[in-house]
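Okay, structure first, notes after.
All chains are named by letter (A, B, ...) in the order of the sequence lines, taking the proteins before the strands, and each is independently numbered beginning at 1.
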Protein chains: 2
Amino acid sequence: MKGKIFIIEDEASIVQLVQHNLEKEGFVVSSSLNGNEGLKELKKFEPNLLLLDWMLPDLSGIDVCKNIRRDSNFKTLPIIMLTAKGEEEDKIKGLESGVDDYITKPFSFNELHARIKAVLRRSDPNIVANNLTFEDLKLDRIEKRVFRADKEIQLGPTEFRLLEFFLTNPKRVYSRDQILETVWPNNVNVESRTIDVHIRRLRQSINIKDKKELIRTVRSSGYSLV
Amino acid sequence: MKGKIFIIEDEASIVQLVQHNLEKEGFVVSSSLNGNEGLKELKKFEPNLLLLDWMLPDLSGIDVCKNIRRDSNFKTLPIIMLTAKGEEEDKIKGLESGVDDYITKPFSFNELHARIKAVLRRSDPNIVANNLTFEDLKLDRIEKRVFRADKEIQLGPTEFRLLEFFLTNPKRVYSRDQILETVWPNNVNVESRTIDVHIRRLRQSINIKDKKELIRTVRSSGYSLV
DNA sequence: TTAATTTGTAATATTTCTGTAACATTAAGA
DNA sequence: TCTTAATGTTACAGAAATATTACAAATTAA
């Protein structure tokens, strides 16, 4: 789990390419082909970053952008604008209207990936960090290892992703639906109670006797790291 | 695999000479004849070092250089500038703009090779090192020999490259895709399960009884040296 | 050319992980 | 205190990932 990215872009081929590659990188990705629909879905999806095409069939990128900035929930949502060649002068307008970065089409995926990482590093460092820590918990994404109080802990793949997810936003309470959406591969249907079992497994692995419980149950809301 | 080198240089004869010799040395090389195109391809290629001509048809070397340094992914990419005789005064400017070294045309390949090694040795020692070691494992790239606890080990070519790859980044977990991409010659299509078999062969060769396993399996992620 | 080595794959075995169902426990309001 | 809904716990079967083996084709050495 490296965060959620939403794409609003009308060229299906671009969407497909970018979405596929981002998913390979571990992002959860959703997309829309036009502005109005995109705005709605985006607010449901709650991404960590938006890739926004400058020229859309219905709204202009700027309109979308302004709409988003009006919504208090998305005031700080990082936005990267996708512009076509020759629209360069518009970039200035774009940056003024609250865009964090832009990239000119055609672009290579690596260029885009670099910018995404740069923007996320500023807005939400944990999403791209190689090491996540919280109190005496440490998770190394490169070496795929987890430590509690400097003692290594063995986790199965799902428990690893689950902990990774909690570590990107410690203390925050996540509902089962939210957990499902980001920790499980897309379009998989699992019983929501299944999460309880994985929480239990994770708890069992990361708990040390005489040390406090790290995962808090918030009845009727979900779980959080604490 | 001794790393990837990108060349931006408009004189085709120089490119050909350098590229050919570098490939003979085991580098993976790609090149471009002008600045704008070069910048794009470079970012796709993700080299370990860039050879950059000072005078290009479209952009100056300095422009290219600045552009690269702006991109967070390439902030530390080592650059060696190729300058023509008489441009010496420019060298100072070049070094200021973030170039790591320069060489004056005409140069012999040996001169260039020496500088490349010197620059890489600073930035990414494992790429040029003749000997890679990790714990009691030793791999000699020159003599193509491998030792475990001072006892020589016989490896097939693929197992040798595989171990070489792991040794350039011990502890790091690599996915099967990543392994395939760098250990196997480009555009070869092999089943991803094939890697398991080679891992097994490598394990069988480098393991000594009573010594710990050196290759770690990370379920659903890949393998690492450990 | 023949012999020896190396490679990739398919088939099979083994290990580890996952999701679910069933039952137990807990918390909170009536 | 009783009731009920939510969460905790456990065990297990099927699934998924990896390990192992054998073999034929390809490559290299002799």
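The existence of a salt bridge linking A:Asp101 and A:Arg121 is excluded, since no basic side-chain nitrogen approaches an acidic carboxylate oxygen closer than 4.0 Å. At a threshold of 4.0 Å, the pair B:Asp177-A:Lys24 does not count as salt-bridged, since none of the basic side-chain nitrogens sits closer than that to a carboxylate oxygen.
Of all the residues in residues 190-199 of chain B, B:Arg193, B:Asp196, B:Val197 reach under 4.0 Å from DNA chain D with at least one non-hydrogen atom.
Nucleotide D:dA16 holds its P atom 11 Å from the CZ atom of B:Arg219, rounded to whole Å. The interatomic distance linking B:Leu162 (CG) with C:dT6 (P) rounds to 15 Å, in whole Å. Per the geometry, CG belonging to A:Asp177 stands 14 Å off P belonging to D:dA6, to the nearest Å. Following rounding to the nearest Å, A:Arg161 (CZ) and D:dA17 (P) show an atom-to-atom distance of 11 Å. Atom CG in B:Asn189 sits roughly 14 Å away from atom C1' in C:dT9 (whole-Å rounding). Distance, B:Arg203 CZ to D:dT18 P: 11 Å, rounded to whole Å. Distance CZ (A:Arg216) to P (C:dA27): 14 Å, rounded to an integer number of Å. Put simply, CG on B:Leu202 is 12 Å from P on D:dA19, counting in whole angstrom units.
Between the A:Asn186 side chain and the A:Val28 main chain, no donor and acceptor come within less than 3.5 Å of each other.
Nearest-nucleotide positions on DNA chain D for B:Thr217 and A:Arg176 put A:Arg176 closer to the 5' end. If A:Ser221 and A:Arg200 are placed on DNA chain D by their nearest nucleotide, the residue sitting closer to the 5' end is A:Ser221.
Residue A:Tyr223 is classed as a sugar-phosphate contact, given heavy-atom separations below 4.0 Å to backbone atoms only. The residue B:Gln204 sits apart from the nucleic acid: no heavy atom pair falls under 4.0 Å.
Looking at B:Arg216, B:Arg176, B:Gln178 one by one, the single match for side chain to side chain donor-acceptor pair (under 3.5 Å) with B:Tyr223 turns out to be B:Arg176.
Side-chain polar atoms of B:Thr217 and B:Arg203 form a donor-acceptor pair below 3.5 angstrom. For the residue pair B:Ser32 / B:Glu41, no side-chain donor-acceptor distance below 3.5 Å is found, with atom types taken as modelled. With hydrogens and angles left out, the side-chain atoms of B:Asn130 and B:Lys117 include no donor and acceptor closer than 3.5 Å.
The rotation axes computed at either terminus of the helix from C:dT1-D:dA30 to C:dA30-D:dT1 lie 30° apart, taking five pairs at each end and rounding to 10 degrees.
Of all nucleotides listed (C:dC17, D:dA5, D:dA11), D:dA11 comes nearest to the side chain of A:Arg201.
In this structure, A:Lys4 is positioned above the aromatic face of A:Phe45, its NZ or CZ under 6.0 Å from the six-membered ring centre and within 45° of the axis.
Ring planes of A:Phe165 and A:Tyr174: tilted class, angle from 30 to 60°.
Between A:Trp184 and the phosphate of C:dT18, there is no side-chain N or O to OP1/OP2 separation shorter than 4.0 Å. Taking only side-chain nitrogens and oxygens, B:Thr158 comes nearer than 4.0 Å to OP1 or OP2 of C:dT7.
Residues B:Arg172 and A:Glu143 have side chains not in contact (no heavy-atom distance under 4.5 Å, counting atoms from C-beta outward).
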